[in-house]
Amino acid sequence: MLEKNQIHEAIITDLTAEGSGVCRIDNTVVFVPNTAVGDRLRVKIVKVLKNYSFGISEEIIEPSPDRINADCGVSGRCGGCVFRHISYEAECRAKNNIVHNAFTRIGGLSPEFDEFIPCEETAHYRNKAQYPLASIDGKIVCGFYSRRSHHIVPVTDCALQPRIFADILETLTGYFNDKKISVYNESDNTGLLRHIYLRRGAHSGEIMVCIVARKDISRQLSAMCRILAENFPEISSVVLNINPDRTNVILGERCVTLFGKDSISDTMCGNRIDISPLSFYQVNTVQAERLYAKALEYASPGKNDVLADLYCGAGTIGLSMAHSVKSVYGVEIISAAIENARRNAAANNIYNAEFFCGDAGMIFSELRGKCCVPDIIIVDPPRKGCSEYTLEVIANAAPHRIIMISCNPATAARDAKWLSLNGFSVDKVCGVDLFPRTGHVECVVLMSRQKS
Ligand code: SAH
């Protein structure tokens with residue numbers, strides 16, 4: 001039986017999506033953060049639970065060959081990257097295992113696994129960042145939260161973000177300090193500035209600056225717009241988002257455009273895509289195009305096929321396949337994203353795609369009753385996966401193929417298992433890395449209707 005503060009020698013055999021090493025001590029699984037597969041360690045037990053325990057590395061007796069020197073000043077303190085201490089090759093091996101294990105262990109499934117798709121760029125690949133603001137020693141700073149905390153690690157030059165973001169952040173925090181605008185205080189819901197939210201079209205280079213504040217502070221930001229416009233010609237949109245609520249959800253519902261356009265444009269799979277601040281857009285554009293190419297391969301659409309694109313965001317996936325099918329029906333819960341999707345269809349001369357706002361399962365169930373008899377269904381839900389109701393509606397629609405895209409292999413495996421018990425075979429799974437150096441990994445799943 002393990003006890004707190006004991007020290008044991010152990011070898012790390014696996015990595016979790018949180019970036020923790022896994023070892024076995026006295027037949028108990030122990031998670032040890034910041035370690036690598038093959039590390040021989042002295043592990044200090046810090047927390048004992050019924051089925052597993054947590055430890056920290058006291059001493060590395062023999063380091064894993066996967067280890068590299070972390071090339072970031074705040075690595076280890078900031079909660080963003082969990083794999084910065086191992087080679088990218090080792091990270092891809094770990095992520096491929098995470099995808100495998102999810103489908104074989106959680107799902108109890110045995111699909112064919114396609115070769116994992118790594119990302120060519122492991123730095124500066126993101127197109128979006130949201131920085132919380134804090135006042136430290138009377139000075140306004142921005143950064144990222146350290147792991148599992150609301151403590152901000154100041155950082156402006158994050159290695160995952162476009163380089164230009166650092167200059168924009170210095171300009172913005174300089175302005176906020178000059179004007180002495182107060183920073184939001186979560187504990188008593190006072191103060192004004194909450195987050196700086198930046199987006200940059202990977203292909204277009206267009207930049208959106210969004211300031212999230214508790215109240216409408218448009219007047220206090222007018223000189224800021226002028227300074228940004230003078231210094232950064234790439235900035236085509238400055239928006240104020242108002243979030244009055246006592247919540248850790250970053251964005252509020254209301255946006256006020258302070259300068260330029262109310263959305264920025266980018267290109268995705270050859271289509272021009274407009275994205276508003278509230279719309280979801282994959283953060284790694286180039287790799288998202290590879291992900292969607294895999295989804296297209298799995299969908300293998302024909303000219304007469306009807307395609308349903310559930311959880312469609314700004315319509316990117318459905319629109320990328322619109323020319324290959326008869327019609328596309330997209331469903332999404334955020335109305336700004338649906339407006340983007342409709343505009344995006346028109347901007348690309350796509351007339352066979354319709355978009356509907358509401359819950360994926362509810363709206364799709366209505367559509368099925370009226371017009372939409374899909375041959376192919378694409379589902380791309382958020383991390384929590386699909387509700388059972390949505391899965392039922394999908395299964396009842398009896399499409400030939402379902403393509404599931406997910407940023408959470410565990411819920412994807414759970415939902416694929418449900419579908420495997422309700423008329424579909426889970427044929428293929430492919431892991432795709434959209435988030436190098438972080439613990440996140442995306443996967444695509446091909447399912448087909450069983451002809452029983
Ligand atoms: N397919 C899009 C978006 C995927 S992200 C793309 O690749 O860009 C998941 C999307 O699901 C988000 O846009 C989110 O707003 C939406 N969403 C979340 N819950 C939903 C629900 N219950 N019904 C419909 N859409 C939902």
Side-chain angles (χ1 to χ4, degrees), residues 126-128 199 201-203 249-253 255 263-296 298-299 307-322 328-345 348 353-368 372 376-394 402-409 411-412 415 432 434-435 440-445:
R126 286 184 59 100
N127 59 32
K128 167 184 166 177
R199 242 179 185 170
H203 296 298
V249 175
I250 296 176
L251 296 175
E253 282 171 17
C255 289
S263 59
I264 55 166
S265 304
D266 195 24
T267 319
M268 170 77 90
C269 301
N271 284 323
R272 188 197 137 137
I273 300 293
D274 262 24
I275 359 153
S276 311
L278 296 176
S279 298
F280 176 91
Y281 189 59
Q282 283 287 5
V283 297
N284 181 343
T285 313
V286 173
Q287 195 67 351
E289 290 178 318
R290 295 211 183 92
L291 172 77
Y292 297 163
K294 195 64 174 175
L296 176 65
Y298 283 178
L307 178 104
D309 179 8
L310 306 184
Y311 307 87
C312 68
T316 40
I317 303 178
L319 293 177
S320 75
M321 299 186 190
V328 174
Y329 293 86
V331 184
E332 155 68 43
I333 206 157
I334 301 285
S335 63
I338 284 294
E339 276 171 39
N340 286 159
R342 289 178 183 148
R343 244 192 289 163
N344 293 335
N348 293 291
E354 281 188 79
F355 294 93
F356 303 84
C357 186
D359 172 71
M362 310 260 269
I363 298 289
F364 182 52
S365 144
E366 283 174 27
L367 288 175
R368 264 200 65 222
C372 173
I376 302 164
I377 299 182
I378 307 235
V379 262
D380 184 8
R383 287 190 69 74
K384 65 177 185 216
C386 297
S387 66
E388 196 160 321
Y389 172 73
T390 303
L391 291 174
E392 272 168 26
V393 178
I394 290 171
I402 301 171
I403 319 304
M404 182 178 284
I405 301 177
S406 170
C407 56
N408 186 344
T411 55
D415 293 349
V432 186
L434 267 71
F435 317 103
H440 299 288
V441 59
E442 198 87 17
C443 61
V444 200
V445 189

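As the structure lists them, so they are numbered: ligands from 1, and atoms in each ligand from 1. As the structure is a prediction and not an experimental result, all values here were calculated from the model.
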Is the shortest side-chain heavy-atom distance between [X] and [Y] below 4.5 Å?
| X | Y | answer |
| --- | --- | --- |
| Thr411 | Ser406 | yes |
| Thr390 | Tyr311 | yes |
| Asn408 | His440 | no |
| Met321 | Leu296 | yes |
| Phe435 | Glu442 | yes |

Is there a heavy atom of Ala337 sitting under 4.0 angstrom from any atom of ligand 1?
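Flag not set, Ala337 not near ligand 1.
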With a 4.0 Å cut-off on heavy atoms, is Gly315 in contact with ligand 1?
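Checking ligand 1 against Gly315, which is what was asked, there is no heavy-atom contact under 4.0 Å.
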[X] neighbourhood, listing ligand 1 atoms whose heavy-atom distance to it stays under 4.0 Å:
| X | answer |
| --- | --- |
| Thr316 | 6 (C), 7 (O), 8 (O) |
| Ile334 | 15 (O) |
| Ile317 | 1 (N), 7 (O) |
| Gly358 | 23 (N), 24 (C) |
| Phe280 | 3 (C), 4 (C), 5 (S), 6 (C), 8 (O), 12 (C), 13 (O) |
| Asp359 | 21 (C), 22 (N), 23 (N) |
| Cys312 | 1 (N), 2 (C) |

Side chain or backbone, does Pro381 bring an N or O within less than 3.5 Å of an N or O on ligand 1?
no
For [atom], grab the closest protein heavy atom and report residue, atom and distance to one decimal in Å.
| atom | answer |
| --- | --- |
| atom 25 (N) of ligand 1 | Ile333 N, 3.2 Å |
| atom 18 (C) of ligand 1 | Pro382 CG, 3.6 Å |
| atom 26 (C) of ligand 1 | Tyr311 CD2, 3.4 Å |
| atom 7 (O) of ligand 1 | Tyr292 OH, 2.4 Å |
| atom 10 (C) of ligand 1 | Glu332 OE1, 3.5 Å |
| atom 9 (C) of ligand 1 | Asp380 O, 3.3 Å |
| atom 24 (C) of ligand 1 | Ala360 N, 3.3 Å |

Please determine whether the number of non-hydrogen atoms from other residues, nucleotides or ligands lying under 6.0 Å from atom CZ of Arg272 exceeds 12.
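Counting neighbours around CZ of Arg272, 12 or fewer heavy atoms of other residues, nucleotides or ligands fall under 6.0 Å, so no.
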Working for side-chain contact (heavy atoms from CB on, under 4.5 Å), residues Cys312 and Ile338
CA-CA 8 Å; Cys312 68; Ile338 284 294; 4.2 Å; yes
In residues 353-368, what donor-acceptor pairs under 3.5 Å come from side-chain atoms, sequence neighbours left out?
residue : atom : partner : partner atom : Å
Asp359  : OD2  : Gly361  : N            : 3.2
Asp359  : OD2  : Met362  : N            : 3.0

Quick one: which of Thr316, Asn127, Ile317, Leu291 gives a side chain to side chain contact (heavy atoms under 4.5 Å, CB included) with Gln282?
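Among the candidates, only Leu291 passes.
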Between the side chain of Asp266 and the main-chain N/O of Ala202, is any donor-acceptor distance below 3.5 Å?
yes
Is a donor on one side and an acceptor on the other found under 3.5 Å between the side chain of Asn271 and the backbone of Leu319?
yes
